[in-house]
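None of the values given here were measured: they were computed from a predicted structure. Every chain is numbered from 1 and lettered A, B, ... according to where its sequence line falls, protein lines coming before strand lines.
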Number of protein chains: 2
Amino acid sequence: MSDPKPGLNSEQLGAYFALMEVSSLLQYAVDEHLRAEGDLSYVQFQILARLVDAPEGRLRMTDLADGVVYSRSGLTYQAGLLDKRGLISRSPSPDDERSVIVTVTDAGRELIAHVLPGHVDRVHQLLFESMPGEDLTALGAILGRVRDHMRAAPPRSAKPRAARNRTS
Amino acid sequence: MSDPKPGLNSEQLGAYFALMEVSSLLQYAVDEHLRAEGDLSYVQFQILARLVDAPEGRLRMTDLADGVVYSRSGLTYQAGLLDKRGLISRSPSPDDERSVIVTVTDAGRELIAHVLPGHVDRVHQLLFESMPGEDLTALGAILGRVRDHMRAAPPRSAKPRAARNRTS
DNA sequence: TATTGTTATACTCTATAACTATA
DNA sequence: TATAGTTATAGAGTATAACAATA
């Protein structure tokens with residue numbers, strides 16, 4: 001009975017549960033605010049926020065799907081909703097006729113601007129209000145390393161469609 | 001450094017994004033495993049795990065709903081599914097005829113036992129594999145404090161049903 | 001009247017696969 | 001053939017409100 005398969009010790013279990021609970025409560029709170037204040041789901045907010053952040057407010061559908069993580073059809077669905085509301089516009093790419101370029105409209109920018117302060121307030125209030133500076137620094141560093149580790153062995157992007165990496 | 005409306009500084013933003021990304025990737029990976037290995041959603045796993053962990057494998061519906069966080073109708077729906085599969089059983093409480101006591105069946109315990117090692121492995125691999133001991137300790141402590149802080153001002157349980165708070 | 005739980009319903013979201021078109 | 005995106009469809013999950021029964 002040596003222990004080649006350690007499982008999780010109680011410290012790890014505690015950290016795991018705390019992580020899941022904190023993120024779940026945070027996302028719930030933030031989502032609720034976004035819906036109330038801007039009639040946006042968290043995913044829609046992420047899409048718009050990414051566009052606002054992008055060079056000219058525009059990204060290809062594929063790049064958008066890679067950033068916000070999920071299926072292409074899901075992104076098409078969400079983009080359809082945002083388009084219908086006039087928050088984004090879509091047009092074929094001049095470079096590659098297959099591609100679609102998504103652009104935030106002014107209305108989209110305004111909505112994000114309208115929603116962002118409250119969003120940030122909620123995050124601040126729930127996550128950082130009672131957090132000392134050293135904790136913040138440590139948390140950011142630790143989670144940053146974990147994220148890098150997770151990205152190194154992509155559990156998700158590994159199979160969205162491409163599966164390039166033909167090893168032969 | 002007076003800063004009445006601080007928003008989030010870049011360190012906070014980074015920590016916030018890292019937290020959301022890490023938890024999202026982790027949940028995605030774990031969910032995928034649970035479905036493949038036990039045909040369980042994450043919520044269903046949480047319900048069963050809580051029951052397995054409870055004194056005699058039994059809890060009231062309400063207490064279960066309070067733990068796993070969501071609506072009563074949602075819990076009824078999930079309990080219906082688990083019941084149909086023979087993983088739990090439901091019976092009226094002897095103490096309070098309104099209440100329903102949920103109990104894990106042997107099959108439910110077996111399924112959790114079957115699924116848990118792989119679950120734990122995934123968490124270990126993604127979250128802890130590359131994490132030094134000091135990081136683990138710090139992460140657990142920080143997130144524990146945050147959770148307590150969040151729970152102190154309940155953003156969710158505040159309104160599951162009661163709390164009509166008639167302002168009249 | 002308040003609480004426990006269920007049900008009916010309607011809606012959002014997501015994934016899969018088939019499809020079109022461009023490269 | 002491989003890639004970009006859309007569409008059709010089907011299913012899971014969720015929330016709300018109305019409901020019945022008990023406290």
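Under the 4.5 Å side-chain contact rule for hydrophobic residues, Val102(A) and Val43(A) share a cluster. Linking ILVMFWY residues whenever their side-chain heavy atoms come closer than 4.5 Å, directly or via other members, leaves Leu81(A) and Leu64(A) in distinct clusters. By the criterion of side-chain heavy atoms lying less than 4.5 angstrom apart, applied directly or through intervening Ile, Leu, Val, Met, Phe, Trp or Tyr residues, Leu87(B) is not grouped with Tyr77(B); the two fall into different hydrophobic clusters.
In the set dA12(D), dA23(D), dT22(C), dA23(D) carries the atom at the smallest distance from any side-chain atom of Asp96(B). Here the nucleotide nearest the side chain of Tyr77(B), chosen from dA12(D), dT22(C), dT4(C), is dA12(D). Of the candidates dT6(C), dC13(C), dA15(D), the closest approach to any side-chain atom of Arg72(B) belongs to dT6(C). Which of dT6(D), dA15(D), dA15(C) sits closest to the side chain of Ser71(A) comes down to dA15(C). Distances were taken from every side-chain heavy atom of Val43(B) (C-beta onward) to each of dT14(C), dT14(D), dA12(D); the shortest belongs to dT14(D).
In this entry the distance linking CE of Met61(B) with P of dT3(C) reads 18 Å, nearest Å. Rounded to an integer number of Å, the gap from Leu34(A) CG to dT12(C) C1' is 16 Å. The nearest whole Å value for the distance from the CD atom in Glu32(B) to the P atom in dT14(C) is 16 Å. Distance, Asp39(A) CG to dC11(C) C1': 13 Å, rounded to whole Å. The nearest whole Å value for the distance from the CD atom in Gln27(A) to the P atom in dC13(C) is 12 Å. What separates CZ of Arg60(A) from P of dT22(C) is a distance of 16 Å, to the nearest Å. As rounded to whole Å, 6 Å separates atom P of dT4(C) from atom CZ of Arg98(B). Note: CD1 (Ile101(B)) to C1' (dT4(C)) measures 11 Å, nearest angstrom.
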- Evaluate the side-chain contact (heavy atoms from CB on, under 4.5 Å) criterion for residues Val120(A) and Gln12(B): first the C-alpha distance (whole Å), next the side-chain angles of each, then the deciding distance (0.1 Å), finally the verdict. CA-CA 10 Å; Val120(A) 155; Gln12(B) 290 171 326; over 6 Å; no
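Legend: residues meeting side-chain hydrogen bond (donor to acceptor under 3.5 Å, both in side chains) with Tyr42(A), ordered by chain and number and at least two apart, are Tyr16(B).
Using a 4.5 Å cut-off on side-chain heavy atoms (C-beta onward), Leu127(A) and Val22(A) make contact.
For the pair Gln78(B) and dA12(D), the criterion of a side-chain N or O lying under 4.0 Å from OP1 or OP2 is not met. Side-chain N/O atoms of Arg35(B) include one lying less than 4.0 angstrom from OP1 or OP2 on dG13(D).
Within 4.0 Å (heavy atoms only), Ser99(B) reaches sugar-phosphate atoms of the nucleic acid but no base atom.
Residue side chain Ser73(B) reaches the base of dT16(D) through a donor-acceptor N/O pair under 3.5 Å, judged by distance alone.
In terms of position along DNA chain C, the nucleotide closest to Thr76(B) lies nearer the 5' end than the nucleotide closest to the other residue of the pair Glu97(A) and Thr76(B).
A donor-acceptor contact shorter than 3.5 Å is absent between the side chain of Arg147(A) and the backbone of Glu21(B).
Only Arg90(A), listed by number, bring a heavy atom of residues 81-95 of chain A to less than 4.0 angstrom from any atom of DNA chain D.
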